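Scroll down for the structure; my scribbles are underneath it.
Here the structure is a predicted model, which is why all the values come from computation and not from measurement.
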Amino acid sequence: MTELFDYYRPSLAVRGIERRFPARRVFCVGWNYLDHIKEMDRKRVPQPPVFMKPADALLPDGGEIPFPAQTRNLHHEVELVVALQGGGLNIPAEEALGHVYGYGVGIDLTRRDLQEKARKGGEPWETSKSFDYSAPVSTLRRASGTGHPAKGRIWLAVNGEVRQEADLEDMIRKPAELIAQISLFFELKPGDVIFTGTPAGVGPVKPGDHVTAGVERVGDVHIKVGRPRS
């Protein structure tokens, strides 16, 4: 049996250095691309909704996820990921990018059937969004070297077939605005990670599928969907 104090702290690889980024919390944003709002038959909202995943849902590039229990409709959602080196409450949008350590590419995996059931019943999204291995993320690239991506291709392919493709400039709320929004409700701190929303083209994956996703000038992430755990 694993001893309590042997449990690891979730972390992400950083391009060019050996030390890893220590992940603290994972915030996720919904409805941040107009084409995705339309494909999901939802209405545009004044502020994109925010939900959370546990930090140990993060999966490094090249990992394999077991097909999760209690779903028959597992969906992929590619997203730009923001990793914070600073934080605070009520952060002005014009100061927000100063708190960013770097960027990565994430896949927000979703039990779509459970999400639809929860939405219809007015229930929380944890079972549909916050399950094990539900947040694969690429190696991070430091903002000090790449700057802050405001435009560029974002895409996802399953078994080589491109399913999602858009441009970062299509985001309704940009990363600085999202940081400011989240800091109204949570005191952001170093190690916090933000998934910034997905464009249209979300769809199902099944055991045996290879999923690749990328963001121009940021990087890419590769995962395989494995068999369900017994």
Quiz item: Quick one: hydrophobic cluster around L12, which other residues, with the 4.5 Å side-chain cut-off, linked directly or via members?
Solution: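 Direct or chained contacts put L12 with V14, I17, F21, V26, L58, V81, Y101, V137, L140, V193, F195.
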Can you check whether [X] reaches [Y] side chain to side chain, under 4.5 Å on heavy atoms?
X    : Y    : result
I37  : I172 : yes
V205 : H75  : no
R24  : L84  : no
N32  : L178 : yes
K129 : F51  : yes
Q164 : H76  : yes
L74  : I65  : yes
I91  : H99  : yes

With no hydrogens and no angle check, is any side-chain donor or acceptor of [X] less than 3.5 Å from a backbone partner on [Y]?
X    : Y    : value
E177 : K174 : yes
E79  : G197 : yes
H210 : N159 : no
T71  : N73  : yes
T127 : L114 : no
Q181 : P48  : yes
S11  : P22  : no
T146 : R142 : yes
T196 : L80  : yes

Quiz item: With a distance cut-off below 6.0 Å to the six-membered ring centre and an angular limit of 45° from the axis, does K53 pair with F131 as a cation-pi contact?
Solution: yes
Quiz item: Do K206 and D209 sit within salt-bridge range, that is, some charged N less than 4.0 Å from a carboxylate O?
Solution: yes
Quiz item: So, are D167 and R153 salt-bridged, with charged N and O less than 4.0 Å apart?
Solution: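 Result for this pair is no, no salt bridge flagged.
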Tell me whether [Y] is reachable from [X] by hopping between hydrophobic residues (I, L, V, M, F, W, Y) whose side-chain heavy atoms are closer than 4.5 Å.
X    : Y    : result
Y33  : M40  : no
V162 : V158 : no
Y103 : L168 : yes
V225 : V202 : no
L34  : W31  : no

Practice problem: Carefully, step by step, assess E77 and R163 under the rule salt bridge (Lys or Arg N to Asp or Glu O under 4.0 Å). | Solution: CA-CA 10 Å; E77 301 184 9; R163 291 190 178 177; over 6 Å; no
Exercise. List the steps and the verdict of ring-ring contact (aromatic ring centres under 6.0 Å, His included) for F186 and F27.
Key: CA-CA 10 Å; F186 301 90; F27 296 93; 5.0 Å; yes
Exercise. Would you indicate whether Q70, at its atom CD, is surrounded by more than 12 heavy atoms from other residues, nucleotides or ligands within a distance under 6.0 Å?
Key: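 Not more than 12 within 6.0 Å, no.
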Quiz item: Is the CZ atom of R72 crowded by more than 12 outside heavy atoms at less than 6.0 Å?
Solution: no
Quiz prompt | Intermediate values then yes/no, side chain to side chain contact (heavy atoms under 4.5 Å, CB included), E64 and I223 | solution = CA-CA 6 Å; E64 178 173 314; I223 62 168; over 6 Å; no
How long is the straight-line distance from [atom2] of [Y] back to [atom1] of [X], given to the nearest 0.5 Å?
X    : Y    : atom1 : atom2 : answer
C28  : I182 : SG    : CD1   : 9.0 Å
R173 : Q47  : CZ    : CD    : 6.5 Å
R111 : W125 : CZ    : CH2   : 15.0 Å
I107 : T198 : CD1   : OG1   : 9.5 Å
I179 : I194 : CD1   : CD1   : 5.0 Å

Practice problem: Under the side chain to side chain donor-acceptor pair (under 3.5 Å) rule, what do T139 and D61 come out as? Steps first, then yes or no, please. | Solution: CA-CA 7 Å; T139 296; D61 180 33; 5.2 Å; no
Looking only at heavy atoms, which two atoms of [X] and [Y] are closest? And how far apart?
X    : Y    : value
A96  : A176 : CB-O, 3.5 Å
P10  : A55  : CB-O, 3.5 Å
P207 : G226 : CB-O, 3.6 Å

Quiz item: Does the salt bridge (Lys or Arg N to Asp or Glu O under 4.0 Å) test come out yes or no for K151 and D170, once each step is laid out?
Solution: CA-CA 8 Å; K151 61 181 180 179; D170 296 332; over 6 Å; no
Practice problem: Take L188 and S183, measure what side chain to side chain contact (heavy atoms under 4.5 Å, CB included) needs, and give me the verdict at the end. | Solution: CA-CA 6 Å; L188 293 173; S183 75; 4.0 Å; yes
